[in-house]
Structures are given as structure tokens and as C-alpha cells.
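Just below is one structure, and these are the notes that go with it.
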Amino acid sequence: MTQDVLATFPAIEIKKNESLSHYTNTKTGGPADYVAFPKSIDETKTLIDFANAQAMPLTVIGNASNLIVKDGGIRGLTLILTQMNQIHASETTVVAEAGAALITTTKAACQAHLTGLEFAAGIPGSIGGAVFMNAGAYGGEISEVVAEVTVITPAGQLKTLTNVELNFGYRHSTIQDYDDIVVNATFNLKAGNQAQIQARMDELNTLRAAKQPLEWPSCGSVFKRPTGYFTGKLIHDAGLQGTRVGGAEVSKKHAGFIINVDHATATDYLNMIHHIQAVVFEKFGVHLEPEVRIIGEDA
Ligand code: FAD
């Protein structure tokens with residue numbers, strides 16, 4: 001018989017039947033059977049070992065900024081890592097735990113006079129999600145600054161992966177192929193001028209605020225960039241901006257974003273994604289592949 005998660009770990013914050021819409025950046029998504037908020041690598045490992053021993057399905061989420069959780073929710077145990085968020089800067093490196101916000105990590109690097117992470121100043125993900133996705137913006141990518149990453153394998157082994165072993169590509173890392181769980185990442189940076197680092201971060205955040213509908217819930221750019229095309233232009237040229245499905249709308253400010261304007265559900269998001277794919281394919285013969293990760297069960 002399955003051991004009760006709440007009773008087994010009284011010292012760890014764990015919620016039962018909790019709506020994940022409270023955590024996703026789109027404010028949509030169904031319930032997790034159990035969602036736990038480990039504060040340390042030890043707690044994370046203990047929970048993974050427990051799920052393995054109980055044959056419970058295990059899901060890991062960071063800042064849920066690139067995620068659609070279907071309205072039926074997630075069975076088993078879901079870990080949200082945002083409370084495991086220590087960051088340490090030294091002479092030329094920053095080591096950040098997986099749940100640390102990328103934005104906070106860029107600020108820590110700046111405070112330590114370290115340059116290299118400025119491109120990520122406005123990316124609202126966690127370190128784990130950024131490594132998983134090889135997040136990038138304004139000409140920079142996580143792959144260019146990661147030295148190594150510590151993971152827990154699905155079997156519960158702690159392991160270090162070098163940059164080369166992470167096999168980074170466009171919005172891809174090997175974490176996606178093996179279901180490893182990132183617990184921390186080490187970034188190799190260079191000594192720089194703090195005022196210049198701050199100025200570059202401010203500049204990029206101003207650009208971002210001018211182009212992206214940051215005032216609305218969203219999951220960022222929904223689709224990957226197809227080779228030879230710009231996603232936003234395809235969606236714009238297809239006349240889809242402003243189109244609504246339920247409470248989800250194609251942003252008029254940035255065609256690549258779907259915003260939650262009126263109590264959208266995850267199903268609204270998925271129906272909108274299918275609609276955009278169908279219209280763009282019909283008009284231009286281009287298949288748009290989602291960048292956003294879609295997990296969970298149908299309602
Ligand atoms: P989540 O959404 O929580 O998860 C994404 C995937 O990563 C899931 O499959 C999850 O299982 C997995 N994952 C998360 N943590 C771990 C872990 N510790 N170990 C293993 N797997 C894990 N992205 C860009 O690349 N560039 C941008 O400029 C950008 N701008 C954005 C702007 C806005 C307004 C928004 C809402 C999003 C934007 N994004 C951008 C998307 C998003 O912020 C990034 O993809 C980010 O890296 C996702 O991190 P996360 O912690 O939110 O991941």
C-alpha cells in the first residue's frame with residue numbers, strides 16, 4: 001500500500017490536491033495529487049527516493065514559466081523547486097541551486113562584478129528550467145556560460161554533467177532526454193565592470209518590456225523558431241493577433257505570446273495552439289512546433 005506522503009515528511013511543505021494554476025505563469029492548470037516544496041538538495045533527493053520506492057509518478061517544475069499543465073492535473077508527486085534557491089558567487093563563478101530564479105542569479109552575478117549572464121536578466125525561469133530549456137535571449141544562451149550541472153538521475157543517483165555532456169542545442173539539453181533532475185548549476189563568468197553590467201541588464205529589460213506583454217499572464221514565446229522564418233511574423237501575417245479562444249488571446253503586442261485575458265483554462269491554451277498551428281500551416285505551409293512544455297492529463 002502507498003505510504004502517506006504528508007505523514008512521512010512532516011517537516012517538508014507538501015500540499016494535497018493542489019491546483020497548479022496557483023504556480024504557473026499562465027495561471028492555468030489542473031491539480032497535483034501532491035505537490036512538495038523541498039528547500040535543499042537533501043530534501044529533494046529524499047522525496048525522489050520516496051517516489052521511486054513507492055512507484056509514484058514524479059514530476060519536477062521550476063518557475064512554471066514555460067509550462068502548460070493540462071486541466072486534468074498531474075498524478076503522483078510533483079516537486080516545485082523554487083524554495084531550493086541558494087546562490088553563491090565567487091571570483092569567476094556563480095553556483096546556483098535549481099530553484100533559484102534566473103533573474104535573481106543575474107543580479108547576484110552583477111553584484112559580484114561578474115559579466116556573462118546579462119542576456120538572461122529578464123528571463124522569468126528558474127536555473128533548472130533554464131538548463132533544461134537552454135534558455136536564451138538577445139544573442140546569449142545558457143549553454144555559453146554553464147560549466148557543469150549536478151543532477152539526480154531518475155534512479156536517484158547524484159551525478160555531475162559537464163557542458164559538453166549536456167549536449168546543448170536550440171532550446172534543448174540532454175536533461176530532456178534522460179529525465180534527470182537538475183539540482184544546481186555552476187556558471188563560468190568573467191570579471192567585469194558592475195556599472196556596465198547593470199546598464200546592459202537595464203537596457204535589455206527596457207527592450208523586453210517594450211516588446212512583450214509582461215502585464216498579462218503568459219508562458220512566453222509559445223512556439224520554437226522554425227528554420228528560415230520568424231514565428232511572430234508568421235502569426236502576425238496570418239492575421240491571428242487578437243484572436244480569442246475562451247479566455248486565451250494571441251497578444252496584440254507580441255504575436256508569439258498567448259495571454260490569459262479572462263480566466264483561461266489550459267484547454268483554451270491548447271485549443272489556441274492547435275488553431276494557430278492549423279492556420280499558419282494552411283497559409284504558409286510551415287509547421288510551428290511548441291517551445292512550451294505541455295504536461296499532465298486531460299480533464
Ligand atoms: P518550468 O516552466 O517550470 O519547466 C519547463 C520544463 O523544464 C519542464 O519540462 C520541467 O519539467 C523542466 N524543469 C524545470 N526545472 C527542472 C529541473 N530542476 N530539473 C529538470 N527539469 C526541470 N525563455 C527563453 O529562453 N528566452 C526568453 O527570453 C524568455 N522570455 C520569457 C518571457 C516571459 C514573459 C515568459 C513567461 C517566459 C519566457 N521564457 C523565455 C520561457 C521560460 O522563462 C524559460 O524557458 C525558462 O528557462 C523556463 O524555466 P522554468 O523554471 O520556468 O521552467
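First listed ligand is number 1; within each ligand, the first listed atom is number 1.
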Using a strict threshold of under 4.0 Å (side-chain N to carboxylate O), is an ion pair present between [Y] and [X]?
X: Arg171; Y: Glu291; value: yes
X: Lys15; Y: Glu13; value: yes
X: Arg244; Y: Glu249; value: yes
X: Glu215; Y: Lys253; value: yes

Between [X] and [Y], is any side-chain donor less than 3.5 angstrom from a side-chain acceptor?
X: Thr267; Y: Asp71; result: yes
X: His263; Y: Asp268; result: no
X: Asn184; Y: Thr150; result: yes
X: Lys39; Y: Gln83; result: yes
X: His254; Y: Gln212; result: no
X: Ser173; Y: Gln176; result: no

Considering both backbone and side-chain atoms of [X], is one of its nitrogen or oxygen atoms within less than 3.5 Å of a nitrogen or oxygen in ligand 1?
X: Val182; answer: yes
X: Gly136; answer: yes
X: Ser65; answer: yes
X: Gly62; answer: yes
X: Asn25; answer: no
X: Ala64; answer: yes
X: Arg208; answer: yes
X: Gln212; answer: no

Can you confirm whether Lys224 is buried at NZ, in the sense that more than 12 heavy atoms of other residues, nucleotides or ligands lie under 6.0 Å from that atom?
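Check passes, neighbour count above 12.
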
Does His172, at its NE2 atom, have more than 12 non-hydrogen atoms belonging to other residues, nucleotides or ligands within less than 6.0 Å?
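Enclosed.
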
Give a yes/no verdict on whether any heavy atom in [X] is under 4.0 Å from an atom of ligand 1.
X: Phe257; answer: yes
X: Asp180; answer: yes
X: Gln176; answer: no

For [atom], which protein heavy atom lies nearest, and how many Å away is it?
atom: atom 21 (N) of ligand 1; answer: Phe132 CD1, 3.3 Å
atom: atom 10 (C) of ligand 1; answer: Val60 O, 3.3 Å
atom: atom 16 (C) of ligand 1; answer: Gly128 C, 3.8 Å
atom: atom 5 (C) of ligand 1; answer: Arg293 CG, 4.1 Å
atom: atom 34 (C) of ligand 1; answer: Leu214 CD2, 3.6 Å
atom: atom 38 (C) of ligand 1; answer: Pro124 CD, 3.7 Å
atom: atom 4 (O) of ligand 1; answer: Leu67 CD1, 4.2 Å
atom: atom 15 (N) of ligand 1; answer: Gly129 N, 3.4 Å

I need the atoms of ligand 1 closer than 4.0 Å to a non-hydrogen atom of [X], numbered in the order shown.
X: Asn63; result: 3 (O), 50 (P), 51 (O), 52 (O)
X: Ile181; result: 19 (N), 20 (C)
X: Ala137; result: 28 (O)
X: Arg171; result: 25 (O)
X: Met133; result: 45 (O)
X: Ile61; result: 3 (O)
X: Ala130; result: 47 (O), 49 (O)
X: Ala135; result: 25 (O), 47 (O)

Should the proximity of Cys219 to ligand 1, defined as any heavy atom under 4.0 Å, be assigned to the side chain, the backbone, both, or neither?
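Cys219 to ligand 1: backbone contact only, side chain stays beyond 4.0 Å.
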
Name the orientation class of the two ring planes belonging to Tyr23 and Phe37 (parallel below 30°, tilted from 30 to 60°, perpendicular beyond 60°).
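The rings of Tyr23 and Phe37 sit tilted, inter-plane angle from 30° to 60°.
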
Roughly how far, to the nearest 0.5 Å, is OG1 of Thr92 from CZ of Phe187?
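Those atoms lie 14.0 Å apart.
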
Would you give the length of the straight line joining atom CE of Met84 to atom CG of Asp42, rounded to the nearest 0.5 angstrom?
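Here the rounded value is 10.5 Å.
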
Kindly say whether the aromatic ring centers of Tyr229 and Phe284 come within a distance under 6.0 Å.
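Judged by ring-centre distance (under 6.0 Å), Tyr229 and Phe284 do not meet the cut-off.
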
Return the option from Ala98, Gly122, Gly125, Pro213 holding the heavy atom at the smallest distance from atom 46 (C) of ligand 1.
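It is Gly125 that holds the nearest heavy atom.
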
Does NZ or CZ of Arg225 come closer than 6.0 Å to the centre of the six-membered ring of Phe230, within 45° of the ring's axis?
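Geometry flag: not set, cation outside 6.0 Å or 45°.
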
